[in-house]
Amino acid sequence: EVQLQASGGGLVQPGGSLRLSCTTSGFSFDDYGIGWFRQAPGRQREGVSFISPSENRIWYRDSVKGRFTISRDNAKNSVNLKMNNLKPEDTAVYYCAAKSPGNSDYNYWGQGTQVTVSS
C-alpha cells in the first residue's frame, strides 16, 4: 500500500539546520506533487512548502522563505526539505503528503517527524 515516511527531525539550537526526507512507495511518485506540513503544539496544521511533479511549481509559506529549500528525487521516490537558520517558531511535527494533479486535497499523508528548536 501507499507509504510516506518522514525522517530527519531532531533537537537543534536556534540558527541550526536540519534536512528532512520523505521516502515514498506504493503510488506513481513522478505524477504527484509533494507538500510539507507542520503542526505545532496547540496550533492548527499549516502548509510549509510544495513542489510539483515536474518541479516547475514551488511554494513556501512566507515565514520560511529564504531559509527552507524543497527538492525532489524522482529516481528515489523521495522529497527533501532543507531547513536552515531554524527558529523556535519552527518547532512542530513535520508531515509530508502527496497530491495528484486535479485533486483539491492531498491524497496521501505520512506520520511525521518531530523538529524541536530550542536553546
Non-hydrogen side-chain atoms of [X] and [Y] separated by less than 4.5 Å:
| X | Y | value |
| --- | --- | --- |
| R67 | D90 | yes |
| P53 | D30 | no |
| L81 | S49 | yes |
| V117 | M83 | no |
| L4 | F27 | yes |

Over all atoms of both residues, closest heavy-atom pair of [X] and [Y]:
| X | Y | value |
| --- | --- | --- |
| T91 | A40 | O-CB, 3.4 Å |
| N80 | R19 | ND2-NH2, 2.6 Å |
| G8 | L18 | O-CD2, 3.7 Å |
| T113 | A6 | CB-O, 3.8 Å |
| P101 | D31 | CD-O, 2.9 Å |

For this session: Please determine if D62 and K65 form a salt bridge, counting it only when a charged side-chain N lies under 4.0 Å from a carboxylate O.
Result: yes
If we ignore hydrogens and angles and just use 3.5 Å, is the side chain of [X] paired with the main-chain N or O of [Y] as donor and acceptor?
| X | Y | value |
| --- | --- | --- |
| R72 | G33 | no |
| R57 | S52 | no |
| R45 | Q39 | no |
| Y60 | I70 | yes |

For this session: Go through the steps for V115 and L20 under the test side-chain contact (heavy atoms from CB on, under 4.5 Å), then give the verdict.
Result: CA-CA 9 Å; V115 172; L20 306 185; 4.0 Å; yes
For this session: Would you tell me whether K82 and N84 have side-chain atoms, one donor and one acceptor, within less than 3.5 Å of each other?
Result: yes
Exercise. With sequence neighbours left out, what residues match F29 under ring pair (Phe, Tyr, Trp, His ring centres under 6.0 Å)?
Worked result: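 Checked F29 against ring pair (Phe, Tyr, Trp, His ring centres under 6.0 Å); zero matches.
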Quick check for you: to the nearest 0.5 Å, what is the distance between [X] atom [atom1] and [Y] atom [atom2]?
| X | Y | atom1 | atom2 | value |
| --- | --- | --- | --- | --- |
| N74 | Y32 | CG | OH | 13.5 Å |
| E55 | S71 | CD | OG | 8.0 Å |
| S21 | Q5 | OG | CD | 10.0 Å |
| Y94 | S7 | OH | OG | 14.5 Å |

Exercise. Above 12 or not: heavy atoms from other molecules or residues under 6.0 Å from CD of Q111?
Worked result: no
Exercise. Is there a side-chain hydrogen bond (donor to acceptor under 3.5 Å, both in side chains) between T116 and Q114 once you walk through the steps?
Worked result: CA-CA 6 Å; T116 303; Q114 176 71 50; 3.3 Å; yes
For this session: State yes or no: do I58 and W36 share one hydrophobic cluster built from I, L, V, M, F, W and Y residues joined by side-chain heavy-atom distances below 4.5 Å, directly or via other members?
Result: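 Yes.
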Exercise. Are V64 and V48 close enough, and set up right, to give a side-chain contact (heavy atoms from CB on, under 4.5 Å), and what steps lead you there?
Worked result: CA-CA 7 Å; V64 309; V48 178; 4.3 Å; yes
Problem set entry | Nonpolar side-chain network containing Y106, other nodes, edges under 4.5 Å |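 Besides Y106, the hydrophobic cluster comprises F37, F50, W59, V93, Y95, W109, listed by chain and residue number.
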